[in-house]
Number of protein chains: 2
Amino acid sequence: METRRIDPVNCSVARALSVVGERWSLLIVREALDGASRFGEFQARLGIARNLLAARLDTLVAAGVMRRVPYQEPGDRQRFAYELTPQGQALRPTLVALLEWGDTYLADPQGPSVIVRHRPRDDGSPCDEPVRVVLECGAGHGHLAPEDVCRTPGPGARFIDAS
Amino acid sequence: METRRIDPVNCSVARALSVVGERWSLLIVREALDGASRFGEFQARLGIARNLLAARLDTLVAAGVMRRVPYQEPGDRQRFAYELTPQGQALRPTLVALLEWGDTYLADPQGPSVIVRHRPRDDGSPCDEPVRVVLECGAGHGHLAPEDVCRTPGPGARFIDAS
DNA sequence: CTTTCTGAGTTTACTTTTTCAACTCAGGTG
DNA sequence: CACCTGAGTTGAAAAAGTAAACTCAGAAAG
């Protein structure tokens, strides 16, 4: 008997990890989301080796996650900073999910070191409540438990045969 | 002038990545969420080297993400399978977030290969709608955009000084 | 009772990444 | 012109990943 399974290699998770799954990549994105933009800022905050940081920034720029933008400090020559593109900012939910998981299972005994909050808007509600990541279905059933979801083949699915 | 920043190393994202950030770890968890449990299943689905798979499974078991459970096929000796603990299943939102990101920015031209759906319950609504990951604040403001959130120090925060 | 088969790993030799430290480079300052 | 600074680059050593051969425990076949 042969069953057909979705090919696990042709998968957006694998493709996503090929871009941001290398060591340091997600931490660089995290620092960028937290405001870092210059080579030295990333280097100092993360303690990453300089050559690797250069390589990772190049990879992220090539992948469209970050963008190189020129800047010039007064009394200094022009240099380049790195900032997230919209594609890079779209990694925020992934990082919040990872943060939540880490907080729940690996937290510092004193509690989480970072809390993500609903940013108070100048022109509206100063909400400031902690933010959570939730799975929500298209029909509006929010807060699905992890076991309430299942994977099904999409239009780009490839299949492999297994005995 | 000195500003104080949250220490980026004392962070649940960094701790989470130290457990599941190694190459293959999240893909192993993904396969486990999709039903893989035996050494050979992971190996065949992912094409990972056997020694690395053994090492990764050990790491994941040691971290509490997976559990080694004995099983015995009829007419065969006892062997061990690997299944996710609740802690491991809690990585589902992270993987769905990564999947969504990959689908949005790196998808196969034919479309996503996997769609995550609200599992039809036997005893209730056969919903089956696609599932999304959303950021939601504690006050019930759902569907926050990535830029609507900000990071603030939590109870376990350490600070570092920067000039 | 010896041989063979199978899934689950280990071992080993080889290649690639990561790390650390030292060096370069372009411009501005003293 | 010597020197400083941020932003990298280079190169050697250490760590991690890969592929393939090997081991191991028990069941089954002869």
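Keep in mind that this is a model prediction, so the values were computed, not measured. In what follows, chains are A, B, ... by sequence order, proteins preceding strands, each numbered from 1.
A donor and an acceptor atom, one from each side chain of B:Thr85 and B:Arg67, are nowhere located under 3.5 Å apart.
Using a cut-off of 4.0 Å between Lys/Arg side-chain N and Asp/Glu carboxylate O, A:Arg132 and B:Glu136 are scored as not salt-bridged. With respect to the salt-bridge test (charged N to carboxylate O, under 4.0 angstrom), the residues A:Arg38 and A:Glu73 qualify. Taking a cutoff of 4.0 Å between a charged side-chain nitrogen and a carboxylate oxygen, B:Asp34 and A:Arg5 do not qualify as a salt bridge.
Among the atoms of the strands shown, none is found under 4.0 Å from any heavy atom of A:Phe42. Counting any heavy atom pair closer than 4.0 Å across all strands shown, A:Ala54 reaches sugar-phosphate atoms only and no base atom.
In this structure, B:Arg79 atom CZ and C:dG9 atom C1' are separated by 10 Å, rounded to whole Å. To the nearest angstrom, P of C:dT29 lies 13 Å from CZ of A:Arg77. Between A:Arg50 atom CZ and C:dT18 atom P there is a gap of 18 Å when expressed in whole angstrom units. Rounding to whole angstrom units, CD of residue A:Gln43 and C1' of C:dC20 are separated by 11 Å. In this structure, A:Ile48 atom CD1 and C:dT17 atom P are separated by 15 Å, rounded to whole Å. A:Leu46 has its CG atom 13 Å from the P atom of C:dC20, to the nearest Å.
Across the interface with DNA chain C, nearest-nucleotide mapping of B:Asp76 and A:Trp24 shows B:Asp76 to be the residue nearer the 5′ end. Comparing A:Arg38 and B:Leu52 against DNA chain D, the residue whose closest nucleotide sits nearer the 5' end is A:Arg38.
Applying the ring-ring contact (aromatic ring centres under 6.0 Å, His included) definition to pairs two or more places apart or across chains, those involving residues 80-110 of chain A are A:Trp101-A:Tyr105.
Once you apply a 4.0 Å limit to the heavy atoms of chain A, the touched nucleotides of DNA chain D run 5' to 3' over D:dT5 to D:dA16.
Annotation: side chain of B:Glu31 is not in contact with side chain of B:Glu41 (no heavy-atom distance under 4.5 Å).
One finds no side-chain N or O of B:Arg23 lying less than 4.0 angstrom from the OP1 or OP2 phosphate oxygen of C:dT16.
Criterion: ILVMFWY side-chain heavy atoms under 4.5 Å apart, direct or through other members. Under it, B:Val19 and B:Trp24 are part of a common hydrophobic cluster.
Put simply, the side chain of A:Asn51 and the base of C:dT19 share a donor and an acceptor less than 3.5 Å apart.
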